[in-house]
Amino acid sequence: MKSRSNLFFKNTSSNIIFLIFNSLLGLIVVPLFIKNMGADLYGMWILNFAIMNYFLFLGTSLSGGIIRNISESLNDNNISKQIRTINVSLVLYLFIGFLIWIFFIFSVDFIISYFKINMEQYDLFRQMLLISASFAIVIWPLKVFEAVFLGLLQHTTINIIKGIVSIITTITIIVLLNNNVDLKILLIVFYSLNMLVGVILFIIYYKRYPKYRFRFTDFKRDTVAPILGFSLNLMVLEVISMFSFQVDTFVIAYFLPISFVAIYAIITKLFYILRNLYGSFLGVIHPMIFNATHTGDKVFINKMALKGFKYVFIFYTPLIIITAILAKPFITLWVGEEFGQYAIWASAFLLQYIISPAVGVLGAISIGLSKLRYMQYYGVFASLSNLTLSILFVKMYGFQGVLLGTLVVTFFGVMIIYPYYCKAIELDWKIPIKENYREFISLLFFLVVGYISINNFLIDSWSVLIVIYILMLIIIYAWMFLNFGYKEEKEKLVNLLIN
(Lines give C-alpha, C1' and ligand atoms only; values in the text may rest on other atoms or scores of the structure.)
Protein backbone atom coordinates (compact mmCIF):
# COMPACT_ATOMS: atom_id res chain seq x y z
CA MET A 1 0.00 0.00 0.00
CA LYS A 2 1.17 3.52 -0.72
CA SER A 3 2.29 5.69 2.20
CA ARG A 4 -0.38 7.74 3.95
CA SER A 5 1.21 10.99 2.74
CA ASN A 6 1.13 9.92 -0.91
CA LEU A 7 -2.46 8.69 -0.62
CA PHE A 8 -3.49 11.91 1.10
CA PHE A 9 -2.06 14.17 -1.62
CA LYS A 10 -3.28 11.94 -4.45
CA ASN A 11 -6.85 11.70 -3.13
CA THR A 12 -7.03 15.36 -2.11
CA SER A 13 -5.81 16.47 -5.55
CA SER A 14 -8.31 14.18 -7.23
CA ASN A 15 -11.18 15.53 -5.12
CA ILE A 16 -10.22 19.15 -5.78
CA ILE A 17 -9.89 18.68 -9.54
CA PHE A 18 -13.30 16.99 -9.71
CA LEU A 19 -14.95 19.64 -7.56
CA ILE A 20 -13.59 22.53 -9.65
CA PHE A 21 -14.68 20.77 -12.81
CA ASN A 22 -18.13 19.94 -11.45
CA SER A 23 -18.63 23.47 -10.09
CA LEU A 24 -17.84 24.98 -13.49
CA LEU A 25 -20.48 22.75 -15.06
CA GLY A 26 -22.98 23.86 -12.43
CA LEU A 27 -22.22 27.52 -13.02
CA ILE A 28 -22.98 27.07 -16.71
CA VAL A 29 -26.43 25.60 -16.06
CA VAL A 30 -27.81 28.18 -13.57
CA PRO A 31 -28.07 31.22 -15.92
CA LEU A 32 -29.69 29.03 -18.59
CA PHE A 33 -32.14 27.67 -16.03
CA ILE A 34 -33.18 31.17 -14.91
CA LYS A 35 -33.38 32.43 -18.48
CA ASN A 36 -35.57 29.57 -19.73
CA MET A 37 -37.56 28.67 -16.62
CA GLY A 38 -37.61 31.87 -14.56
CA ALA A 39 -36.64 32.57 -10.95
CA ASP A 40 -39.79 30.98 -9.49
CA LEU A 41 -39.26 27.59 -11.13
CA TYR A 42 -35.56 27.68 -10.31
CA GLY A 43 -36.55 28.38 -6.70
CA MET A 44 -38.83 25.31 -6.77
CA TRP A 45 -35.98 23.22 -8.20
CA ILE A 46 -33.69 24.35 -5.36
CA LEU A 47 -36.38 23.84 -2.68
CA ASN A 48 -37.08 20.32 -3.95
CA PHE A 49 -33.44 19.33 -3.49
CA ALA A 50 -33.22 21.16 -0.15
CA ILE A 51 -36.10 19.05 1.17
CA MET A 52 -34.76 15.80 -0.26
CA ASN A 53 -31.20 16.53 0.82
CA TYR A 54 -32.37 16.77 4.40
CA PHE A 55 -32.62 12.97 4.35
CA LEU A 56 -28.97 12.73 3.34
CA PHE A 57 -28.08 12.75 7.04
CA LEU A 58 -29.14 9.09 7.08
CA GLY A 59 -26.82 8.19 4.22
CA THR A 60 -23.90 10.34 5.30
CA SER A 61 -23.97 9.03 8.86
CA LEU A 62 -24.32 5.39 7.81
CA SER A 63 -21.56 5.85 5.24
CA GLY A 64 -19.28 6.89 8.10
CA GLY A 65 -19.72 3.42 9.61
CA ILE A 66 -19.26 1.78 6.21
CA ILE A 67 -16.08 3.74 5.47
CA ARG A 68 -14.62 2.85 8.85
CA ASN A 69 -15.39 -0.87 8.43
CA ILE A 70 -14.02 -0.92 4.88
CA SER A 71 -10.87 0.96 5.96
CA GLU A 72 -10.27 -1.58 8.70
CA SER A 73 -10.86 -4.49 6.33
CA LEU A 74 -8.39 -2.94 3.88
CA ASN A 75 -5.78 -2.61 6.60
CA ASP A 76 -6.36 -6.22 7.76
CA ASN A 77 -6.77 -7.55 4.19
CA ASN A 78 -10.08 -9.06 5.31
CA ILE A 79 -12.19 -9.41 2.14
CA SER A 80 -14.95 -11.39 3.87
CA LYS A 81 -15.52 -8.53 6.34
CA GLN A 82 -15.62 -6.12 3.39
CA ILE A 83 -18.29 -8.15 1.60
CA ARG A 84 -20.39 -8.55 4.76
CA THR A 85 -20.24 -4.78 5.29
CA ILE A 86 -21.46 -4.15 1.73
CA ASN A 87 -24.35 -6.61 1.99
CA VAL A 88 -25.55 -5.26 5.34
CA SER A 89 -25.30 -1.71 4.02
CA LEU A 90 -27.33 -2.52 0.91
CA VAL A 91 -30.18 -3.83 3.07
CA LEU A 92 -30.06 -0.77 5.34
CA TYR A 93 -29.98 1.70 2.44
CA LEU A 94 -32.81 -0.07 0.60
CA PHE A 95 -34.89 0.14 3.77
CA ILE A 96 -34.15 3.88 4.06
CA GLY A 97 -35.17 4.41 0.43
CA PHE A 98 -38.54 2.75 1.07
CA LEU A 99 -39.06 4.79 4.25
CA ILE A 100 -38.45 8.04 2.36
CA TRP A 101 -40.87 7.01 -0.39
CA ILE A 102 -43.62 6.05 2.07
CA PHE A 103 -43.05 9.19 4.14
CA PHE A 104 -43.61 11.49 1.15
CA ILE A 105 -46.63 9.59 -0.11
CA PHE A 106 -48.45 10.34 3.14
CA SER A 107 -46.99 13.75 4.02
CA VAL A 108 -46.27 15.59 0.76
CA ASP A 109 -49.27 17.92 1.06
CA PHE A 110 -48.47 18.66 4.69
CA ILE A 111 -44.88 19.58 3.75
CA ILE A 112 -45.90 21.87 0.89
CA SER A 113 -48.41 23.68 3.11
CA TYR A 114 -45.50 25.21 5.05
CA PHE A 115 -44.11 27.04 2.01
CA LYS A 116 -45.38 29.98 -0.03
CA ILE A 117 -46.12 28.03 -3.21
CA ASN A 118 -48.60 29.59 -5.66
CA MET A 119 -51.70 27.49 -6.28
CA GLU A 120 -50.90 27.20 -10.01
CA GLN A 121 -47.49 25.76 -9.07
CA TYR A 122 -48.77 23.54 -6.25
CA ASP A 123 -49.42 20.41 -8.34
CA LEU A 124 -46.08 20.73 -10.15
CA PHE A 125 -44.12 20.97 -6.91
CA ARG A 126 -46.11 18.09 -5.41
CA GLN A 127 -45.24 15.86 -8.37
CA MET A 128 -41.59 16.89 -8.17
CA LEU A 129 -41.36 15.78 -4.53
CA LEU A 130 -43.08 12.45 -5.29
CA ILE A 131 -40.74 11.82 -8.24
CA SER A 132 -37.73 12.50 -6.01
CA ALA A 133 -39.11 10.19 -3.31
CA SER A 134 -39.70 7.39 -5.84
CA PHE A 135 -36.12 7.53 -7.07
CA ALA A 136 -34.90 7.20 -3.47
CA ILE A 137 -35.73 3.49 -3.55
CA VAL A 138 -33.10 2.91 -6.26
CA ILE A 139 -30.62 5.71 -5.63
CA TRP A 140 -30.05 4.97 -1.95
CA PRO A 141 -28.72 1.40 -2.30
CA LEU A 142 -26.39 2.62 -5.06
CA LYS A 143 -24.85 5.10 -2.59
CA VAL A 144 -23.27 2.17 -0.77
CA PHE A 145 -20.56 1.73 -3.37
CA GLU A 146 -19.45 5.34 -3.11
CA ALA A 147 -18.82 4.75 0.60
CA VAL A 148 -17.02 1.48 -0.22
CA PHE A 149 -14.58 3.15 -2.61
CA LEU A 150 -13.98 5.96 -0.11
CA GLY A 151 -13.10 3.34 2.49
CA LEU A 152 -10.75 1.72 -0.02
CA LEU A 153 -9.13 5.17 -0.49
CA GLN A 154 -10.02 5.06 -4.19
CA HIS A 155 -11.14 8.69 -4.48
CA THR A 156 -9.70 9.05 -7.98
CA THR A 157 -11.87 6.24 -9.30
CA ILE A 158 -15.00 7.87 -7.89
CA ASN A 159 -14.07 11.30 -9.21
CA ILE A 160 -13.35 10.11 -12.75
CA ILE A 161 -16.72 8.38 -12.93
CA LYS A 162 -18.54 11.35 -11.39
CA GLY A 163 -16.76 13.69 -13.80
CA ILE A 164 -17.90 11.73 -16.85
CA VAL A 165 -21.46 11.46 -15.55
CA SER A 166 -21.48 15.21 -14.74
CA ILE A 167 -20.51 16.06 -18.33
CA ILE A 168 -23.26 13.84 -19.72
CA THR A 169 -25.81 15.25 -17.24
CA THR A 170 -24.88 18.88 -17.89
CA ILE A 171 -25.03 18.55 -21.68
CA THR A 172 -28.38 16.76 -21.44
CA ILE A 173 -29.87 19.35 -19.07
CA ILE A 174 -28.69 22.22 -21.30
CA VAL A 175 -30.31 20.62 -24.35
CA LEU A 176 -33.56 20.03 -22.46
CA LEU A 177 -33.60 23.58 -21.07
CA ASN A 178 -33.14 25.06 -24.53
CA ASN A 179 -36.08 22.97 -25.70
CA ASN A 180 -38.28 24.14 -22.79
CA VAL A 181 -38.86 20.63 -21.48
CA ASP A 182 -41.22 20.25 -18.54
CA LEU A 183 -39.59 20.52 -15.09
CA LYS A 184 -40.79 17.02 -14.14
CA ILE A 185 -39.07 15.47 -17.17
CA LEU A 186 -35.93 17.43 -16.30
CA LEU A 187 -35.98 15.98 -12.79
CA ILE A 188 -36.47 12.39 -14.00
CA VAL A 189 -33.59 12.71 -16.46
CA PHE A 190 -31.35 14.23 -13.76
CA TYR A 191 -31.96 11.42 -11.30
CA SER A 192 -31.67 8.72 -13.96
CA LEU A 193 -28.27 9.94 -15.11
CA ASN A 194 -26.95 10.32 -11.55
CA MET A 195 -27.77 6.67 -10.87
CA LEU A 196 -25.00 5.78 -13.31
CA VAL A 197 -22.32 6.58 -10.71
CA GLY A 198 -23.45 3.83 -8.35
CA VAL A 199 -24.03 1.34 -11.17
CA ILE A 200 -20.55 1.84 -12.65
CA LEU A 201 -18.88 1.62 -9.22
CA PHE A 202 -20.66 -1.67 -8.57
CA ILE A 203 -19.45 -3.06 -11.91
CA ILE A 204 -15.86 -2.01 -11.14
CA TYR A 205 -16.02 -3.54 -7.67
CA TYR A 206 -17.43 -6.80 -9.04
CA LYS A 207 -14.63 -7.03 -11.61
CA ARG A 208 -12.03 -6.54 -8.87
CA TYR A 209 -13.70 -9.04 -6.54
CA PRO A 210 -15.56 -11.53 -8.78
CA LYS A 211 -16.33 -13.73 -5.77
CA TYR A 212 -18.65 -11.06 -4.39
CA ARG A 213 -22.19 -12.32 -3.83
CA PHE A 214 -25.12 -10.69 -2.12
CA ARG A 215 -26.37 -12.77 0.82
CA PHE A 216 -29.09 -11.89 3.32
CA THR A 217 -27.34 -14.25 5.74
CA ASP A 218 -24.60 -11.61 6.17
CA PHE A 219 -27.11 -9.49 8.08
CA LYS A 220 -25.76 -10.49 11.47
CA ARG A 221 -25.26 -8.66 14.72
CA ASP A 222 -21.44 -8.75 14.60
CA THR A 223 -21.53 -6.93 11.24
CA VAL A 224 -24.48 -4.62 11.84
CA ALA A 225 -23.39 -3.44 15.31
CA PRO A 226 -20.06 -1.81 14.30
CA ILE A 227 -21.76 0.06 11.44
CA LEU A 228 -24.79 1.26 13.37
CA GLY A 229 -22.90 1.85 16.62
CA PHE A 230 -20.66 4.47 15.03
CA SER A 231 -23.27 5.71 12.55
CA LEU A 232 -25.97 6.49 15.12
CA ASN A 233 -23.60 8.84 16.94
CA LEU A 234 -22.57 10.41 13.65
CA MET A 235 -26.22 10.65 12.62
CA VAL A 236 -26.90 13.23 15.33
CA LEU A 237 -24.14 15.41 13.87
CA GLU A 238 -25.47 15.00 10.35
CA VAL A 239 -29.02 15.93 11.34
CA ILE A 240 -27.66 19.02 13.06
CA SER A 241 -25.37 19.90 10.14
CA MET A 242 -28.10 19.54 7.54
CA PHE A 243 -30.49 21.55 9.68
CA SER A 244 -27.93 24.32 10.18
CA PHE A 245 -27.36 24.83 6.46
CA GLN A 246 -30.85 24.02 5.13
CA VAL A 247 -32.75 26.08 7.69
CA ASP A 248 -32.17 29.31 5.71
CA THR A 249 -33.89 27.88 2.63
CA PHE A 250 -36.85 26.66 4.68
CA VAL A 251 -37.24 29.96 6.56
CA ILE A 252 -37.12 31.91 3.28
CA ALA A 253 -39.66 29.59 1.62
CA TYR A 254 -41.99 29.93 4.63
CA PHE A 255 -41.87 33.71 5.12
CA LEU A 256 -41.01 35.05 1.65
CA PRO A 257 -42.02 34.43 -2.01
CA ILE A 258 -40.39 31.40 -3.68
CA SER A 259 -38.29 33.66 -5.94
CA PHE A 260 -36.18 34.56 -2.90
CA VAL A 261 -35.11 30.93 -2.67
CA ALA A 262 -33.54 31.38 -6.10
CA ILE A 263 -31.83 34.61 -4.99
CA TYR A 264 -30.48 32.87 -1.88
CA ALA A 265 -29.16 29.97 -3.99
CA ILE A 266 -27.35 32.38 -6.30
CA ILE A 267 -25.68 34.56 -3.68
CA THR A 268 -24.58 31.53 -1.61
CA LYS A 269 -23.33 29.58 -4.65
CA LEU A 270 -19.72 30.67 -4.21
CA PHE A 271 -19.84 29.78 -0.51
CA TYR A 272 -21.10 26.27 -1.21
CA ILE A 273 -18.54 25.70 -3.96
CA LEU A 274 -15.74 26.51 -1.52
CA ARG A 275 -17.45 24.56 1.26
CA ASN A 276 -17.63 21.51 -1.01
CA LEU A 277 -13.97 22.01 -1.85
CA TYR A 278 -13.24 21.92 1.86
CA GLY A 279 -15.45 18.85 2.22
CA SER A 280 -13.29 17.10 -0.38
CA PHE A 281 -10.29 17.70 1.87
CA LEU A 282 -12.10 16.37 4.94
CA GLY A 283 -13.37 13.40 2.94
CA VAL A 284 -9.76 12.24 2.60
CA ILE A 285 -8.99 12.82 6.28
CA HIS A 286 -11.77 10.61 7.68
CA PRO A 287 -10.73 7.21 6.26
CA MET A 288 -7.06 7.94 6.98
CA ILE A 289 -7.81 8.74 10.63
CA PHE A 290 -9.95 5.59 10.86
CA ASN A 291 -6.98 3.64 9.54
CA ALA A 292 -4.47 5.37 11.84
CA THR A 293 -6.72 4.84 14.87
CA HIS A 294 -7.07 1.15 14.03
CA THR A 295 -3.26 0.80 13.98
CA GLY A 296 -2.69 3.10 16.99
CA ASP A 297 -0.62 5.65 15.05
CA LYS A 298 -0.98 8.68 17.36
CA VAL A 299 2.03 10.43 15.82
CA PHE A 300 0.31 10.58 12.43
CA ILE A 301 -2.95 11.82 14.01
CA ASN A 302 -1.20 14.64 15.87
CA LYS A 303 0.77 15.63 12.76
CA MET A 304 -2.43 15.66 10.70
CA ALA A 305 -4.09 18.00 13.23
CA LEU A 306 -1.30 20.59 13.33
CA LYS A 307 -0.39 20.47 9.64
CA GLY A 308 -4.02 20.44 8.58
CA PHE A 309 -4.78 23.50 10.72
CA LYS A 310 -1.83 25.44 9.28
CA TYR A 311 -2.28 24.48 5.64
CA VAL A 312 -5.96 25.36 5.66
CA PHE A 313 -4.88 28.91 6.55
CA ILE A 314 -2.15 28.88 3.90
CA PHE A 315 -4.01 27.33 0.96
CA TYR A 316 -7.77 27.35 1.63
CA THR A 317 -8.58 30.56 3.50
CA PRO A 318 -6.99 32.72 0.73
CA LEU A 319 -9.63 31.30 -1.63
CA ILE A 320 -12.35 32.55 0.70
CA ILE A 321 -10.81 36.02 0.92
CA ILE A 322 -10.22 36.45 -2.82
CA THR A 323 -13.66 35.11 -3.71
CA ALA A 324 -15.31 37.47 -1.19
CA ILE A 325 -13.41 40.44 -2.70
CA LEU A 326 -14.49 39.52 -6.25
CA ALA A 327 -18.03 38.33 -5.45
CA LYS A 328 -19.82 41.38 -6.93
CA PRO A 329 -18.21 41.33 -10.40
CA PHE A 330 -18.55 37.55 -10.51
CA ILE A 331 -22.30 37.52 -9.75
CA THR A 332 -22.93 40.45 -12.10
CA LEU A 333 -21.15 38.74 -14.99
CA TRP A 334 -22.74 35.38 -14.16
CA VAL A 335 -26.45 36.18 -13.77
CA GLY A 336 -26.75 39.95 -14.24
CA GLU A 337 -27.00 43.19 -12.28
CA GLU A 338 -30.42 42.16 -10.92
CA PHE A 339 -28.64 39.70 -8.61
CA GLY A 340 -25.40 41.67 -8.35
CA GLN A 341 -27.09 44.06 -5.92
CA TYR A 342 -27.03 41.25 -3.33
CA ALA A 343 -23.30 40.63 -3.75
CA ILE A 344 -22.36 42.27 -0.44
CA TRP A 345 -24.23 39.46 1.28
CA ALA A 346 -22.42 36.90 -0.84
CA SER A 347 -19.13 38.35 0.44
CA ALA A 348 -20.35 38.39 4.04
CA PHE A 349 -21.54 34.79 3.75
CA LEU A 350 -18.09 33.77 2.56
CA LEU A 351 -16.23 35.65 5.28
CA GLN A 352 -18.19 33.92 8.05
CA TYR A 353 -16.06 30.92 7.04
CA ILE A 354 -12.70 32.62 7.52
CA ILE A 355 -11.89 30.72 10.74
CA SER A 356 -14.22 27.71 10.63
CA PRO A 357 -12.27 25.52 8.14
CA ALA A 358 -9.05 25.44 10.19
CA VAL A 359 -11.03 24.55 13.31
CA GLY A 360 -13.05 22.06 11.28
CA VAL A 361 -9.91 19.99 10.66
CA LEU A 362 -9.78 19.28 14.39
CA GLY A 363 -13.47 18.36 14.29
CA ALA A 364 -12.87 15.93 11.42
CA ILE A 365 -10.10 14.24 13.38
CA SER A 366 -12.41 14.08 16.40
CA ILE A 367 -14.94 12.21 14.24
CA GLY A 368 -12.20 9.85 13.06
CA LEU A 369 -11.39 9.10 16.69
CA SER A 370 -15.12 8.51 17.40
CA LYS A 371 -15.16 11.37 19.93
CA LEU A 372 -18.40 13.08 19.03
CA ARG A 373 -19.99 14.25 22.27
CA TYR A 374 -18.79 17.87 22.23
CA MET A 375 -19.68 18.21 18.55
CA GLN A 376 -23.21 16.99 19.25
CA TYR A 377 -23.76 19.47 22.08
CA TYR A 378 -22.40 22.35 20.02
CA GLY A 379 -24.40 21.32 16.97
CA VAL A 380 -27.70 21.38 18.84
CA PHE A 381 -26.88 24.79 20.28
CA ALA A 382 -25.81 26.23 16.90
CA SER A 383 -28.82 24.85 15.01
CA LEU A 384 -31.40 26.14 17.48
CA SER A 385 -29.64 29.52 17.66
CA ASN A 386 -29.54 29.76 13.87
CA LEU A 387 -33.23 28.92 13.55
CA THR A 388 -34.23 31.37 16.28
CA LEU A 389 -32.16 34.28 14.94
CA SER A 390 -33.16 33.65 11.31
CA ILE A 391 -36.87 33.73 12.18
CA LEU A 392 -36.41 36.81 14.39
CA PHE A 393 -34.32 38.71 11.85
CA VAL A 394 -36.42 37.81 8.79
CA LYS A 395 -39.38 39.48 10.48
CA MET A 396 -37.27 42.54 11.23
CA TYR A 397 -35.12 42.89 8.11
CA GLY A 398 -36.70 40.64 5.49
CA PHE A 399 -34.49 38.52 3.21
CA GLN A 400 -31.23 39.92 4.58
CA GLY A 401 -32.28 38.95 8.10
CA VAL A 402 -32.06 35.24 7.29
CA LEU A 403 -28.47 35.65 6.17
CA LEU A 404 -27.63 37.77 9.20
CA GLY A 405 -28.79 35.07 11.62
CA THR A 406 -26.54 32.45 10.00
CA LEU A 407 -23.55 34.80 9.94
CA VAL A 408 -23.77 35.58 13.65
CA VAL A 409 -24.13 31.95 14.74
CA THR A 410 -21.38 30.58 12.48
CA PHE A 411 -18.78 33.25 13.22
CA PHE A 412 -19.13 33.22 16.99
CA GLY A 413 -20.02 29.55 17.31
CA VAL A 414 -16.66 28.36 15.99
CA MET A 415 -14.91 30.25 18.78
CA ILE A 416 -17.01 28.39 21.34
CA ILE A 417 -16.38 24.89 19.97
CA TYR A 418 -12.64 25.28 19.27
CA PRO A 419 -11.29 24.43 22.77
CA TYR A 420 -13.62 21.42 22.99
CA TYR A 421 -12.33 20.03 19.69
CA CYS A 422 -8.80 20.36 21.06
CA LYS A 423 -9.80 18.58 24.26
CA ALA A 424 -11.41 15.75 22.30
CA ILE A 425 -8.20 14.99 20.36
CA GLU A 426 -5.91 15.69 23.34
CA LEU A 427 -4.29 18.79 21.84
CA ASP A 428 -3.33 21.90 23.81
CA TRP A 429 -5.66 24.61 22.44
CA LYS A 430 -2.93 27.26 22.67
CA ILE A 431 -0.56 25.47 20.25
CA PRO A 432 -2.49 26.00 16.96
CA ILE A 433 -3.09 29.65 17.90
CA LYS A 434 0.58 30.31 18.69
CA GLU A 435 1.67 28.61 15.45
CA ASN A 436 -0.84 30.39 13.20
CA TYR A 437 -1.73 33.85 14.54
CA ARG A 438 0.68 35.49 12.09
CA GLU A 439 -0.96 33.69 9.20
CA PHE A 440 -4.36 35.01 10.26
CA ILE A 441 -3.11 38.60 10.59
CA SER A 442 -1.54 38.39 7.13
CA LEU A 443 -4.84 37.18 5.65
CA LEU A 444 -6.74 40.05 7.26
CA PHE A 445 -4.20 42.46 5.74
CA PHE A 446 -4.75 40.97 2.25
CA LEU A 447 -8.51 41.20 2.77
CA VAL A 448 -8.46 44.92 3.60
CA VAL A 449 -5.94 45.83 0.88
CA GLY A 450 -7.83 43.70 -1.66
CA TYR A 451 -11.18 45.39 -1.00
CA ILE A 452 -9.63 48.85 -1.26
CA SER A 453 -7.64 48.02 -4.41
CA ILE A 454 -10.41 46.28 -6.32
CA ASN A 455 -12.41 49.52 -6.56
CA ASN A 456 -9.72 50.85 -8.90
CA PHE A 457 -10.36 48.13 -11.49
CA LEU A 458 -13.14 47.92 -14.05
CA ILE A 459 -14.00 44.23 -14.22
CA ASP A 460 -16.39 43.95 -17.15
CA SER A 461 -15.39 40.59 -18.66
CA TRP A 462 -14.63 37.05 -17.56
CA SER A 463 -11.08 37.29 -18.85
CA VAL A 464 -10.30 40.31 -16.64
CA LEU A 465 -11.93 38.64 -13.62
CA ILE A 466 -9.97 35.41 -14.10
CA VAL A 467 -6.65 37.21 -14.57
CA ILE A 468 -7.15 39.31 -11.42
CA TYR A 469 -8.21 36.22 -9.42
CA ILE A 470 -5.14 34.25 -10.51
CA LEU A 471 -2.75 37.14 -9.84
CA MET A 472 -4.17 37.64 -6.35
CA LEU A 473 -3.99 33.92 -5.68
CA ILE A 474 -0.35 33.67 -6.77
CA ILE A 475 0.67 36.65 -4.63
CA ILE A 476 -1.10 35.44 -1.48
CA TYR A 477 -0.05 31.80 -1.92
CA ALA A 478 3.59 32.78 -2.43
CA TRP A 479 3.61 35.01 0.64
CA MET A 480 1.80 32.52 2.87
CA PHE A 481 3.77 29.43 1.84
CA LEU A 482 7.23 30.99 1.77
CA ASN A 483 6.74 32.73 5.10
CA PHE A 484 4.70 30.20 7.03
CA GLY A 485 5.01 26.79 5.35
CA TYR A 486 6.85 23.96 7.09
CA LYS A 487 10.54 23.79 6.20
CA GLU A 488 10.39 20.24 4.81
CA GLU A 489 7.52 21.16 2.43
CA LYS A 490 9.41 24.21 1.16
CA GLU A 491 12.48 22.05 0.53
CA LYS A 492 10.34 19.56 -1.42
CA LEU A 493 8.95 22.39 -3.55
CA VAL A 494 12.44 23.75 -4.31
CA ASN A 495 13.69 20.28 -5.30
CA LEU A 496 10.62 19.76 -7.48
CA LEU A 497 11.20 23.06 -9.31
CA ILE A 498 14.92 22.31 -9.77
CA ASN A 499 14.18 18.84 -11.17
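Fair warning: this is a prediction, and the values are worked out from it, not measured in the lab.
The aromatic rings of F49 and Y191 lie tilted to each other, with the angle between the two planes from 30° to 60°. Using a 30° and 60° split on the angle between ring planes, F330 and W334 fall in the tilted class, from 30° to 60°. Under the 30°/60° scheme for interplanar angles, the aromatic rings of W479 and F446 are found to stand perpendicular. Between F271 and Y353, the two ring planes are perpendicular [angle over 60°; tilted spans 30° to 60°]. Using the six-membered ring where Trp is involved, F309 and Y418 have ring planes that are tilted, between 30° and 60° apart. The aromatic rings of Y311 and F315 sit parallel to each other, their planes meeting at less than 30°, with 60° as the upper class boundary.
S113 contributes a side-chain N or O that, together with a main-chain N or O of F110, makes up a donor-acceptor pair within less than 3.5 Å. Of the possible polar contacts, one joining the T317 side chain to the V312 backbone as a donor-acceptor pair under 3.5 Å is found. Of the possible donor and acceptor atoms, one in the side chain of Y316 sits under 3.5 Å from a partner among the backbone N and O of L274.
For the atom pair I173 CD1 and I28 CD1, the distance stands at 13.5 Å (nearest 0.5 Å). Atoms CG and CD1, from L47 and I258 in turn, are 4.5 Å apart once rounded to the nearest 0.5 Å. In this structure, L201 CG and L142 CG are separated by 9.5 Å, a value rounded to the nearest 0.5 Å. Taken from CD1 in I51 to CD1 in I46, the straight-line distance is 12.0 Å, to the nearest 0.5 Å. One distance of note links CD1 of I475 with CD1 of I470; it measures 12.0 Å at 0.5 Å rounding. Interatomic distance, L350 CG to R275 CZ, rounded to the nearest 0.5 Å: 12.5 Å.
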(request) Begin with the C-alpha distance, continue with both residues' side-chain angles, and end with the deciding distance and a verdict on side chain to side chain contact (heavy atoms under 4.5 Å, CB included) for I117 and L124. (result) CA-CA 10 Å; I117 305 293; L124 172 61; over 6 Å; no
(message) Let's go through Y469 and T323 carefully: what are the C-alpha distance in whole Å and the side-chain angles of both, what is the deciding distance for side chain to side chain donor-acceptor pair (under 3.5 Å) to 0.1 Å, and is it a yes or a no?
(response) CA-CA 8 Å; Y469 195 103; T323 306; 2.8 Å; yes
(request) Evaluate the criterion side chain to side chain contact (heavy atoms under 4.5 Å, CB included) for residue pair F250 and L387; output intermediate values, then yes/no. (result) CA-CA 10 Å; F250 296 148; L387 177 62; over 6 Å; no
(message) Using ring pair (Phe, Tyr, Trp, His ring centres under 6.0 Å), reason through F125 and F115 one step at a time and then give a plain yes or no.
(response) CA-CA 11 Å; F125 191 60; F115 304 118; 7.0 Å; no
(message) L319 vs L473, test: side chain to side chain contact (heavy atoms under 4.5 Å, CB included). Steps then yes/no.
(response) CA-CA 7 Å; L319 295 174; L473 194 63; 3.5 Å; yes
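Electrostatic pairing of E439 and K310 counts as a salt bridge here, judged by a charged N lying under 4.0 Å from a carboxylate O.
Partners of S347 by side-chain contact (heavy atoms from CB on, under 4.5 Å), not counting sequence neighbours, listed by chain and number: A324, A327, Y451. Annotation: salt bridge (charged side-chain N to carboxylate O under 4.0 Å, His left out) contacts of D428 (sequence neighbours excluded): K430.
Applying ring-ring contact (aromatic ring centres under 6.0 Å, His included) to F399 and the options W345, F393, Y342 leaves one that passes, Y342.
Sparse packing is recorded around CH2 of W429, with 12 or fewer heavy atoms of other residues, nucleotides or ligands lying under 6.0 Å away. Few gaps surround OH on Y122; more than 12 heavy atoms of other groups in view lie less than 6.0 Å from it. The neighbour count for Q341 CD, taken as heavy atoms of other residues, nucleotides or ligands under 6.0 Å away, is above 12.
For the residue pair L306 and P432, the shortest heavy atom distance occurs at CD2-CG, 4.3 Å. Nearest heavy-atom pair, R126 versus I112, reported as atom, atom and distance to 0.1 Å: CA-CD1, 3.5 Å. Scanning all heavy atoms of the two residues, the minimum distance from L183 to M37 falls at CD1-CE, 4.2 Å. In terms of heavy atoms, V335 sits closest to P31 at CG1-CG, 4.2 Å. When all heavy atoms are compared, the tightest approach of R438 to F484 is CB-CE2, 3.8 Å. Pairing each heavy atom of E337 with each of K328, the nearest pair is OE2-NZ, 3.7 Å.
You'll find the side chain of Q127 reaches within 4.5 Å of the side chain of D123, heavy atoms only. Using a 4.5 Å heavy-atom threshold, the side chains of L403 and F349 count as touching. With contacts defined as side-chain heavy-atom distances shorter than 4.5 Å, the pair L186/F190 does not qualify. Looking at heavy atoms from C-beta onward, Y254 lies out of side-chain contact with I391 at the 4.5 angstrom threshold. Residues F339 and I263 have side chains in contact (heavy-atom distance under 4.5 Å, counting atoms from C-beta outward). Counting heavy atoms from C-beta on, the side chains of W45 and L187 come closer than 4.5 Å. Considering only heavy atoms from C-beta on, L177 stays 4.5 Å or farther from K35 through its side chain. Looking at heavy atoms from C-beta onward, Y397 lies out of side-chain contact with V402 at the 4.5 angstrom threshold.
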